[in-house]
Protein chains: 2
Amino acid sequence: MRMTSQREIILEELRNTKSHPTAEELYLKVKRRLPRISLATVYRNLEKMVELGLIQKIATSGHQSRFDGNPNFHYHIRCIHCGKVDDLPIRPIKALDNPENIELDGDLGGYKLVGFHLEFLGVCPECINKTENN
Amino acid sequence: MRMTSQREIILEELRNTKSHPTAEELYLKVKRRLPRISLATVYRNLEKMVELGLIQKIATSGHQSRFDGNPNFHYHIRCIHCGKVDDLPIRPIKALDNPENIELDGDLGGYKLVGFHLEFLGVCPECINKTENN
DNA sequence: TTAAATGCAAAAAGTTTGCACACGC
DNA sequence: GCGTGTGCAAACTTTTTGCATTTAA
């Protein structure tokens, strides 16, 4: 992978963010430092870094995808009101840490089990406030 | 809710399918019986039926949403190759059957936990065959 | 009769792609 | 110098919406 300033700065800005930005949010941040960068370049680079395992893509159901500069496994919680995603510092769930541990009540219909996708849902502090003040 | 022939036939076709069709797949099926129906009507009705709890929406990350005529809770498995979704007849996972059962290793960052979304990933029989024959 | 539902077409939202040019190695 | 990467604009995919018309209750 050729190291371009675009690539470097995209990764840097993503790693410097605790939030899990969408491609567009990240594009706007990077644009401050590289005003001529295009959104397509951000998408292309994010996709490539995901393939290389440098970052994670959080393909949030139905919404814009978000990206996480931390490539290590951890859980996420998504706000059902504003769509924001944060890290959730809980212990790995034993029943799910290995496909072989999953208890079956029948067969898999011929599927080969590969893994799972688990995402927690909640209401973030900001949205709790908004709701209370209405 | 007013009962129109569109609404009736959409629900009927969805319930008659073991697969979990996308709005477009379902539209094509319904169109055979109601040739003048529009895709927008299918989307509008599916959305309404989800709100009423008559059906489930499977908002598969990054892909088209799929719909499930069975409103009762059960797990799904998604083929990582073709995107197909099937039911997975496994027992509910204890650690996750209630938000209060989730073991925490820290705080929730101010989030109010509401639930979770769990989807299994695998390779479907058809795609296992395709892969083997290459 | 009248409010809700429909069909159509156009818009919206998010992401990807074709292409000519730029630039890292 | 070669080939990957970039910027731009246009295309694409999925879903939603505005509006005039139809229809169930």
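Worth knowing before you read on, the calculation uses all heavy atoms, side chains too, and leaves out hydrogens, waters and symmetry mates. In the text below, chain A, chain B and the rest are named by the order of the sequence lines, each starting its count at 1.
For residues 7-24 of chain B, proximity to DNA chain C is found at B:R7, defined as any non-hydrogen atom under 4.0 angstrom from a strand atom. Only at 4.0 angstrom or more do the heavy atoms of residues 30-37 of chain B sit from any atom of DNA chain D, so none qualifies.
If you measure from atom CD of B:Q6 to atom C1' of D:dT21, you get 13 Å, rounded to the nearest angstrom. If you measure from atom OH of B:Y27 to atom C1' of C:dC8, you get 10 Å, rounded to the nearest angstrom. One can place CD of B:E25 at 13 Å from C1' of D:dT14, the figure rounded to the nearest angstrom. Note: CG (B:L28) to P (D:dT14) measures 12 Å, nearest angstrom. Separating the NE2 atom of B:H63 from the C1' atom of D:dC12 is a distance of 15 Å, rounded to the nearest angstrom.
Put simply, A:K48 has a side-chain N or O that comes within less than 4.0 Å of OP1 or OP2 on D:dG5. For the OP1/OP2 pair of C:dT6 and a distance below 4.0 Å, the side-chain nitrogens and oxygens of B:S38 include no atom meeting the criterion. For B:S65 and D:dT14, the shortest distance from a side-chain N or O to OP1 or OP2 is not below 4.0 Å.
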CA sep, side-chain torsions, deciding dist, call: B:E126, B:K84, salt bridge (charged side-chain N to carboxylate O under 4.0 Å, His left out): CA-CA 10 Å; B:E126 290 75 25; B:K84 193 175 69 164; 2.9 Å; yes
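Linking ILVMFWY residues whenever their side-chain heavy atoms come closer than 4.5 Å, directly or via other members, places B:V50 and B:L39 in the same cluster. Cluster annotation: A:L108 is not connected to B:V85 through the hydrophobic network of ILVMFWY side chains, with a link wherever side-chain heavy atoms come within less than 4.5 Å.
Applying the salt bridge (charged side-chain N to carboxylate O under 4.0 Å, His left out) criterion to A:E51, with sequence neighbours excluded, gives no partner residue. When the side chain to side chain donor-acceptor pair (under 3.5 Å) test is applied to B:Y27, the partners found at least two apart in sequence or on another chain are B:K31. Take B:E12 and apply the side chain to side chain donor-acceptor pair (under 3.5 Å) test, not counting sequence neighbours, and it matches B:R33. Shown here are the side chain to side chain donor-acceptor pair (under 3.5 Å) partners of A:R66, two or more places apart in sequence or in another chain: there are none. By the side chain to side chain contact (heavy atoms under 4.5 Å, CB included) test, B:D87 pairs with B:H20, B:D68, B:H74, B:H76, sequence neighbours left out. A:R15 is linked by a side chain to side chain donor-acceptor pair (under 3.5 Å) to nothing, counting only residues two or more places apart in sequence or in another chain. A:R44 pairs by the side chain to side chain contact (heavy atoms under 4.5 Å, CB included) definition with A:A40, A:T41, not counting sequence neighbours.
Comparing the start and finish of the helix from C:dT1-D:dA25 to C:dC25-D:dG1, five pairs each, the helix axis swings through 30°, to the nearest 10 degrees.
Listed here is the closest heavy atom pair of B:P21 and B:S19: CD-O, 3.2 Å. In plain terms, the two heavy atoms of A:A59 and A:S65 that are nearest each other are CA-OG, 3.8 Å.
Residues A:L26 and A:E13 form a side-chain contact, since some pair of their non-hydrogen atoms from C-beta on lies under 4.5 Å apart.
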Cut-off 3.5 Å, no hydrogens considered: what does the side-chain donor-acceptor table look like for residues 109-122 of chain B, sequence neighbours left out?
unit_1, atom_1, unit_2, atom_2, d
B:Y111, OH, A:D86, OD2, 2.9
B:E119, OE2, B:R78, NE, 2.9

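Minimum atom distance to the side chain of A:N45 is reached by D:dT6, of the listed C:dT6, C:dT15, D:dT6.
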Its contact letters, B for base, S for sugar-phosphate only and - for none at protein heavy atoms under 4.0 Å, make nucleotides 16-25 of chain C read BBB----BBS
